Amino acid sequence: MQKPAATTVASRAAAKTPAKKIEDKLARLGLRTDMDLVLHLPMRYEDETFVVPIRDASFMGGQSVQIEGLVTACEVQYKPRRQLVVTLADDTGQATLRFLNFYGSQLKQMAEGNRVRARGELRHGFFGPEMVHPIYKMVLEGAPLPVALTPVYPSGEGLPQTYLRKAIASALGRLAWRDTLSPALRDTYSLMPFEDAVRLLHNPPPETDEGALADRSHPAWVRMKFDELLAQQLSLKRAQVARRAKGAAALPVIGALSQAFQQGLPFALTGAQQRVLDEVRRDLLAGFPMQRLLQGDVGSGKTVVAALAAAQAIDSGFQAVLMAPTEILADQHFRKIAGWMEPLGIEVVWLTGSLKKKDKLDAKQRIESGAAQLIIGTHALIQDDVVFARLGLVIVDEQHRFGVGQRLTLRNKGLGLSDGIDPTQIVPHQLMMSATPIPRTLAMTYYADLEVSVIDELPPGRTPIVTRVIDQNRRDEVIGRVHAATLEGRQAYWVCPLIEESEALQLQTATDTHATLSAALPDLQVGLVHGRLKPQEKQAVMDAFTRAEIQVLVATTVIEVGVDVPNASLMVIEHAERFGLSQLHQLRGRVGRGSAASVCLLLYQSPLGQIAKQRLAIMRETTDGFEIARRDLQIRGPGEFLGARQSGQAMLRFADLETDQWLVEQARTVALALLRDDAVTVEMHLARWLGAKEEFLKV
Ligand code: ADP
Ligand code: MG
């Protein structure tokens with residue numbers, strides 16, 4: 001980079017700031033070492049390599065241009081407010097520079113006859129072409145122009161670009177360069193050498209393809225993204241190795257319970273369920289903890305696979321626990337699984353926050369004594385005072401609903417101390433379930449330390465759900481459809497609009513809808529369930545719906561996950577445009593669970609925005625959860641899709657999990673090779689790219 005020929009306003013400001021302060025400001029950007037500085041890459045570039053004659057510049061409306069000329073006039077005007085107005089002239093014309101905030105020192109700088117190089121948008125003002133608040137510097141005649149594009153760095157308050165540029169330039173000079181990728185690896189993946197890539201990005205030579213810099217497809221950027229993804233993969237793989245180094249109780253017995261249970265099921269497992277079950281069973285035999293994600297679209301039958309895994313733990317003499325995110329779901333699991341297992345002599349215990357004190361105490365005692373073999377419940381399970389006797393398997397349903405911390409707490413409940421084993425070294429096996437399908441790239445970043453099993457087949461006899469998108473003003477017709485469905489002995493859900501700003505308002509809407517539907521359908525039983533009901537009340541309503549005493553269930557999103565009433569075949573969702581895609585998919589998944597053809601009606605309030613239209617169209621076109629997730633990801637980007645932190649995108653400054661998918665795959669391959677062959681380089685690469693951030697990733 002070219003040294004400025006004269007001081008700039010910015011660098012003067014920096015000079016006034018004590019070095020310590022600057023250091024603090026750099027540290028706040030995470031820039032502590034030379035390597036940090038060198039990897040602080042430009043977000044864009046300014047082209048200051050040429051000066052445009054003022055006459056030409058005034059025809060380049062809107063674009064940022066650089067002009068240079070002599071000051072011919074300079075005055076402070078007071079109307080309409082105090083401002084510094086400078087007239088600048090070159091051989092071709094003149095322009096006004098206008099500063100609404102300025103220092104006395106600037107007034108001196110702008111003395112008549114001084115030379116100014118200014119960059120900004122030259123617009124047509126009242127008095128001819130003018131630039132408001134240009135970036136400028138005082139120069140001497142013939143001062144050389146930069147030969148490279150000028151980098152613009154991400155910065156913080158009070159940290160001028162010029163200072164950052166200086167700090168980075170000197171770090172570039174000091175650094176002892178070492179490439180963490182061997183020439184052979186670079187060759188295989190056509191990657192630029194590290195030093196060349198870094199230098200190019202800080203000082204792109206004039207012939208560099210600016211477009212490729214801007215969209216980050218330039219080989220220098222590709223190298224940076226590759227390195228960053230490699231660091232992420234290395235870190236995740238190491239976490240996996242650490243997990244494998246821990247012990248777990250092997251659960252080797254697939255015995256009487258497992259067999260009786262599977263034979264007693266009213267259906268045969270689908271091929272996909274059986275395959276996934278085999279994967280889980282194999283993991284449970286091992287002496288290190290399983291960490292497996294069971295993915296399967298809504299209704300694919302994950303519960304029974306989980307129950308069979310629990311059976312294996314119990315057959316092997318250990319306890320299993322199943323945690324669900326809502327009471328409704330926990331209760332449903334309890335009934336279903338207890339219904340399967342209790343006749344086989346297994347003690348199944350239920351624990352949720354809403355249990356009476358005495359019952360809670362009783363449940364905890366049975367968990368602690370080991371009498372309880374299978375425990376099903378909600379967050380209540382992770383309370384401190386819940387102590388397991390011999391916990392061998394943790395199952396988390398709808399795992400995306402739980403924080404990482406909550407899952408860890410449950411897992412860390414480990415084996416009972418009664419075994420005389422250090423519970424931090426021996427952990428239970430873990431099975432997580434989710435219907436929110438994670439596209440492959442995300443699975444490889446966020447979930448690099450998870451084995452993934454996918455149930456990619458629905459149980460037989462399901463007819464696909466037909467989805468219609470309908471204007472809200474045809475509500476009466478929709479009510480007619482609901483009535484018709486009930487006449488055929490079917491049941492319906494009516495989901496009330498999501499009102500994120502106000503729970504009270506949402507409740508009000510649900511109550512109103514319940515009243516309206518009750519009035520419109522006087523011959524039917526219309527139920528209402530929402531988040532504010534007491535758990536027992538919720539339960540009573542859900543029971544009545546399950547027994548078909550209620551035909552129409554008005555609900556808020558409390559029914560979003562897991563609820564399984566196969567006779568319900570009609571789903572109405574009001575203000576569908578307010579819901580996210582995965583939420584709509586989950587809600588829709590409450591129907592289509594029996595053999596009857598199911599229908600989902602998405603009511604919307606017109607007019608619809610472009611994205612809302614797109615989203616509802618996706619819902620109409622497909623019922624495939626993976627496809628929906630893929631398209632959702634396209635619309636929202638991975639950060640929002642999973643929450644920035646969860647997706648692993650938060651770790652990435654340069655790579656984009658969506659567009660750089662191919663690089664993720666390559667980085668993964670290289671990570672495995674490095675971990676196998678070159679521990680020293682692994683350390684160096686991780687330190688370079690993650691530094692203190694690695695801890696963050698492990699959580
Ligand atoms: P999800 O994967 O969404 O959690 P569930 O486990 O609730 O799905 O299963 C959905 C429904 O399908 C339940 O009523 C369950 O009993 C039933 N089911 C599960 N497996 C099969 C199968 N192999 N054949 C028929 N029905 C099944
Ligand atoms: Mg489920």
Side-chain angles (χ1 to χ4, degrees), residues 258 261-280 292-311 322-341 374 376-378 395-402 431-438 452-465 490-491 493 542 545-548 557-569 571 582-596 598 600 623-626 628-629:
S258 299
F261 178 23
Q262 191 164 354
Q263 278 155 19
L265 285 174
F267 47 75
L269 295 186
T270 62
Q273 282 171 317
Q274 187 62 53
R275 172 173 47 75
V276 163
L277 176 62
D278 290 343
E279 288 165 1
V280 172
R292 190 170 279 280
L293 175 69
L294 183 51
Q295 271 186 16
D297 208 348
V298 176
S300 61
K302 296 182 287 294
T303 315
V304 67
V305 174
L308 279 160
L322 167 58
M323 179 163 75
T326 66
E327 290 233 358
I328 289 182
L329 189 48
D331 179 75
Q332 185 186 284
H333 280 324
F334 175 71
R335 285 165 197 242
K336 189 160 220 163
I337 297 174
W340 284 330
M341 288 206 182
L374 175 60
I376 298 177
T378 56
I395 303 167
V396 181
D397 194 15
E398 308 291 349
Q399 68 96 22
H400 57 284
R401 292 295 203 95
F402 292 97
L431 180 65
M432 286 161 268
M433 301 193 280
S434 177
T436 301
I438 312 294
V452 180
S453 291
V454 180
I455 305 185
D456 52 5
E457 179 187 353
L458 292 179
R462 306 253 170 99
T463 35
I465 304 166
R490 298 286 157 198
Q491 292 165 271
Y493 294 97
M542 291 311 297
F545 191 60
T546 307
R547 289 195 302 263
T557 48
V558 292
I559 60 149
E560 181 180 334
V561 289
V563 173
D564 183 33
V565 179
N567 192 49
S569 64
M571 164 69 62
S582 70
Q583 212 172 11
L584 286 174
H585 181 61
Q586 285 276 359
L587 282 168
R588 179 169 63 181
R590 298 311 113 215
V591 297
R593 300 189 149 242
S595 51
S598 290
C600 175
T623 52
D624 177 344
F626 278 77
I628 290 173

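Whatever order the structure lists ligands and atoms in, that order sets their numbers, starting from 1. All figures in this text were calculated on a predicted structure; none of them were measured in a lab.
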*Using heavy-atom distances, let me know which of Glu398, Met433, Lys336, Gln586 sits nearest atom 16 (O) of ligand 1.*
Lys336
*Between the candidates Thr303, Leu458, Asp397, Val305, which shows the shortest non-hydrogen contact distance to atom 5 (P) of ligand 1?*
Thr303
List every atom of ligand 1 that sits less than 4.0 Å from any heavy atom of [X], numbering the atoms from 1 in the order shown and giving each element.
{"X": "Thr270", "result": "23 (N)"}
{"X": "Ser300", "result": "2 (O), 8 (O)"}
{"X": "Leu269", "result": "23 (N)"}
{"X": "Arg593", "result": "3 (O), 7 (O), 10 (C)"}

*Do Arg335 and Asp564 pass the salt bridge (Lys or Arg N to Asp or Glu O under 4.0 Å) test, and can you show the C-alpha distance, the side-chain angles, and the key distance before you say yes or no?*
CA-CA 12 Å; Arg335 285 165 197 242; Asp564 183 33; over 6 Å; no
*Between the side chain of Gln491 and the main-chain N/O of Phe545, is any donor-acceptor distance below 3.5 Å?*
yes
*Report the residue from Arg275, Glu279, Lys302 that forms a side-chain hydrogen bond (donor to acceptor under 3.5 Å, both in side chains) with Ser453.*
Glu279
Nearest 0.5 Å, please: how far is [atom2] in [Y] from [atom1] in [X]?
{"X": "Ile395", "Y": "Leu294", "atom1": "CD1", "atom2": "CG", "value": "9.5 Å"}
{"X": "Gln332", "Y": "Thr303", "atom1": "CD", "atom2": "OG1", "value": "7.5 Å"}
{"X": "Ser300", "Y": "Gln295", "atom1": "OG", "atom2": "CD", "value": "10.0 Å"}

*asked:* At under 4.0 Å between heavy atoms, is it the side chain or the backbone of Asp564 that contacts ligand 1, or both, or neither?
replied: side chain
Is the shortest N/O to N/O distance between [X] and ligand 1 below 3.5 Å?
{"X": "Val298", "value": "no"}
{"X": "Ala268", "value": "yes"}
{"X": "Lys302", "value": "yes"}
{"X": "Gly299", "value": "yes"}

*Angle class for the Trp340/Phe261 ring planes (parallel below 30°, perpendicular above 60°, tilted otherwise)?*
tilted
*For the residue pair Ile376 and Lys336, establish whether any side-chain heavy-atom pair is separated by less than 4.5 Å.*
no
